[in-house]
Every structure is written in C-alpha cells, then in structure tokens.
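Presented below is the structure to which this report refers.
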Protein chains: 2
Amino acid sequence: MRNIAQDLQPAMALLATGPVQHFAPNRPIYVAGDAAEALHKVVSGMVRTVRFLHDGKRQIDAFYNSGDVFGFERGAFHTLSAEAVSRCTLVAYRHKGLAVAMHNQELTRQLYRHTLDGLARAQAHVRLLAHGGATAKLAGFLLECSERSADGRLITFGMARHDIADYLGLTVETVSRTLTELRKASFIEFVSAREVRLKNLPGLQVLNS
Amino acid sequence: MRNIAQDLQPAMALLATGPVQHFAPNRPIYVAGDAAEALHKVVSGMVRTVRFLHDGKRQIDAFYNSGDVFGFERGAFHTLSAEAVSRCTLVAYRHKGLAVAMHNQELTRQLYRHTLDGLARAQAHVRLLAHGGATAKLAGFLLECSERSADGRLITFGMARHDIADYLGLTVETVSRTLTELRKASFIEFVSAREVRLKNLPGLQVLNS
DNA sequence: CGTCTCTTTGACAGCATTCAACGTGTGTGG
DNA sequence: CCACACACGTTGAATGCTGTCAAAGAGACG
C-alpha cells in the first residue's frame, strides 16, 4: 500500500538554501508573536521550542536536532518561541520562496513530510505526558533520545535537567531523583551528568509501556 | 438534512471520494496497525483517536468534530485507532486519489492546512497535559470545547467522563470531583450531566493559565 | 581560587490515585 | 407501565507520589 508520505525522498535537499544563521546557547531564534516568515532547518546543534506561561513557568514543546525542521505555524504568527539549546547553526526557508516552490511537486511532498514528522513528534509527546508516573516518563524520554542517537545505547544530553523537567511536565528535583533511582536499579549508568549509558533497554521499554 | 456534497465543497471538492460511511457509537473506524489507505473527514458526529497501552489503560489522542480531518500518518500504517464517539458519518479520501490531486495546487494547500490543524491541535493538547493541576486541565478542556461550540457558553459533551479522563491523563473520579468543584465555585452550571453552561469564562482562563 | 550555574539529596505538605460504595439515567423485557 | 439490569456518574477515605522549600555537592569558567 502506498501512502503519499512514502513517496517523499528524505535525502533530497528541502530547497535552495536561504541564509545560514548561528546562535549561542540559550539565545532566542524567534519569539511567540513574531511574524512567521520562515521555516528553519537544524544543521548542527540543538533547538527547543518553548511556551512561557503566565505564572512564570516554562514549558518545552519539542527538541530539534540536525536535520529536523521547525517553525510550522497555522497562522501568520509564531505561537511558540524557539531558542538555541546548544551552540547551533540553522538554515532558513522563507515562506515567500516556499509559496513559489509549491509549484514543484517534489518540494511540496518534502514540506508535507516534515509537517507529518512534527505531527508524529507531538503525538509521541502527548503519549509521554499522559501516561502517568515520573519513572515512565523518564524511561520514555531516554528511549526517545536513544532512537535519535548514533549509538542507541549511549546518550549525550544536549540539554539541562531543567529542560528535561519542562519537557516532561515535572520538576528538576523529580527528574534528578528518578534518574538516580533508574541508576540504582541498573537501568542506566552515568558516564557524566550529561552522558548516560542504557544498560537495560527492554527494561526501560517495560517501564515506559 | 444537509447534502453531503455541500460539506465537501470548500475542501477537496475535486477529489474522488470513497464511500460515505456510518458508524454507531463506540464502533472502530480503523485500528492501529491497519494500512493507512485514506484520510477521513467528519461530516457529522464525533470521533476519537485512541492508543491502547500494554497495561490495559487507554489514552485518547484527539477528538474530531464536523469538518475535521483525521487519519494522517507518517508511514504506511495507522499508529492510532479511531472510534466513533457518537453516531457519526464520515467521508474517506483515499491516498491514491490524493497522490493524483497533488498536481492541483489548491488541493495541496488545503491538505497541508489540515495537517497543520492537526499539529496545532496536538501542541494545544501537550500544553494542556504538561501544565499541572486537575483544575487547570479541566478548565483548559472546557475552553477548548467552548471554542468549538456554536454557543461558546453552552457546551454539550459528546463524550463520557471516562473519555475526558483518558484525554487529560486523569481518572474518572478526579474529573468528576473537579467538575463538581468548578460547579460549587460557580465557574460552571450543569444543565444535565452532559451539558454545561460556562458562567465565568475569564475565571476559567485564569485557572487554565 | 572564587563565583556562578547545574545537579543532587532530604523532609514535609498537598494533591491525585486507588479502592469502595452509593446515586442516576436509560433501555429492554415482562 | 413497571421492574430490572447495566452503564454512567458521583462521593468518601486512605495511600502514595510529586511538588515545594531548603541546603549541600559538583562542574565550568574567568
């Protein structure tokens, strides 16, 4: 059975590249309310999309790594802010150019595929958030990181504990505590505070289920 | 009684449509793992997309009302199941037809827009789930229902308490308790168990923030 | 070497879940 | 028309987990 998404060729360049941008850690890329003039593709480093709540709390909608495209909006303005997590470089694809590119069927399909990626990502995030316990959430988060890592068993966090907490709807303390519990139970092993070795993938999948 | 063809006019009028389908409450529309052969548009009634967890628990990914399109998948198979909440009628758009339709720029644009709608919906859901308390979640849910209701102050739930609970990552008991608290605090008023009048919209927005 | 941020750990209070029981409504068959 | 069954909804009490407040340890960088 063929599906439109299957026809898309991920290997091809999305578009003729726009301006290349560099950002230092924690620098804003765009802010909620800004005009949404372009999509952004991560060339290197890591990006987070963020929502700031009225009570001062922060919520992370997604993390983006090399190859990921972000900045999709339904309307003319950004509903989220985007920030550099680590030092990173991006390429911008302006919507003006995209409108023209819609004549090109291949590019249209790639754009569609990246949107579907974002949708799948958001749905996976919902699954993570709705399914109860802190242990389950962390296990799920580790597995998510694992899938995006070169070595599936060695994860290098690009982000701080605080970022993980705001992504999972937990507090920093709970994240820290739960990670140590996972370590004590031999599910994981710390190389450093930001590097984790997964010692029991099946076990983590059970915790996550 | 409206003519089905009328509902199709604004979106994808030129597409070859599959048969119109009718479903009784709680009947499956498709199941996770099925081949994703078509998108579905709700003509009338309400649909939920569902994820069944290994421990027997259930999670609702989204609710869809008249005019909404669902069934977007990144791969060739459905990752979620879809079920009728109420008695409902749908129209299917097969991917075969869509692939041909990608030549038509206007249809492509509409398809893209519906995907963005799904993305925005999922992001709003993430926001709801991550932002703490049961009261905040219910307030957010009521506001979400309000925006989709003809009369913004009178909501008619199509779904059971159990569905609301699985959508918000809560238990039925907590949903029930929290709704009565909101009633006692005069934020809402029950016409019946499935009909609520919102008496304090600004107040609910504060609770939700 | 000192300062700052990040991370970890502890104690306690608060809130959601769990288990249990009781109302409520709806539809079916007698 | 009534009675009953069954699914849905509400309420109560106790447990357990996460948030909060507080403080100390660990790295990074000048």
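Computed from a predicted model, the values in this text were never measured in an experiment. Naming: A, B, ... by sequence-line order, numbering from 1 per chain.
As rounded to whole Å, 13 Å separates atom C1' of D:dG9 from atom CZ of B:F157. As rounded to whole Å, 19 Å separates atom P of D:dC6 from atom NE2 of B:H162. Rounding to whole angstrom units, CD of residue B:E181 and P of C:dA16 are separated by 8 Å. In this structure, the CG atom of A:D55 is 14 Å from the P atom of D:dG19, given to the nearest Å. As a whole-Å value, the separation of A:E173 CD from D:dA22 C1' is 10 Å. Between the C1' atom of D:dT11 and the NZ atom of B:K184 lies a distance of 9 Å, rounded to the nearest Å. Atom NE2 in B:H131 sits roughly 13 Å away from atom C1' in D:dG19 (whole-Å rounding). Rounded to whole Å, atom P of C:dA16 lies 13 Å from atom NZ of A:K137.
The distance between the ring centers of A:H40 and A:Y30 falls below 6.0 angstrom. For an aromatic pair to be called close, the ring centres must be under 6.0 Å apart, and A:Y167 with A:H125 satisfies this.
A sub-4.0 Å separation between OP1 or OP2 of C:dT7 and a side-chain N or O of A:S176 is absent. For the OP1/OP2 pair of D:dC17 and a distance below 4.0 Å, the side-chain nitrogens and oxygens of A:R177 include no atom meeting the criterion. An OP1 or OP2 oxygen of C:dT9 is reached within less than 4.0 angstrom by a side-chain nitrogen or oxygen of A:T180.
The residue A:K57 sits close only to the backbone: its heavy atoms come under 4.0 Å of sugar-phosphate atoms, none of a base. Among the protein residues, B:G133 comes within range of the sugar-phosphate backbone only, with heavy atoms under 4.0 Å from sugar or phosphate atoms but none that close to a base. If you check every strand for non-hydrogen atoms under 4.0 Å, A:L170 touches sugar and phosphate atoms only.
Nearest to the side-chain atoms of B:R194 among the listed nucleotides D:dG9, C:dT7, C:dA16 stands D:dG9. Between C:dT17, C:dC6, D:dG19, one nucleotide has an atom nearer to the side chain of B:T174 than all others, and that is C:dT17. The side chain of B:V172 lies closest to D:dT10 when the candidates are D:dT10, D:dT20, C:dT8. Of the candidates C:dT17, C:dA16, D:dT10, the closest approach to any side-chain atom of B:R161 belongs to D:dT10.
Among A:D163, A:D166, A:D68, the one residue that satisfies the salt bridge (charged side-chain N to carboxylate O under 4.0 Å, His left out) test with A:R48 is A:D163.
The main-chain N or O of A:S146 is never found under 3.5 Å from a side-chain atom of A:R153 such that the two would form a donor-acceptor pair. Side chain of A:T178 to backbone of A:T135: no donor-acceptor contact under 3.5 angstrom is found.
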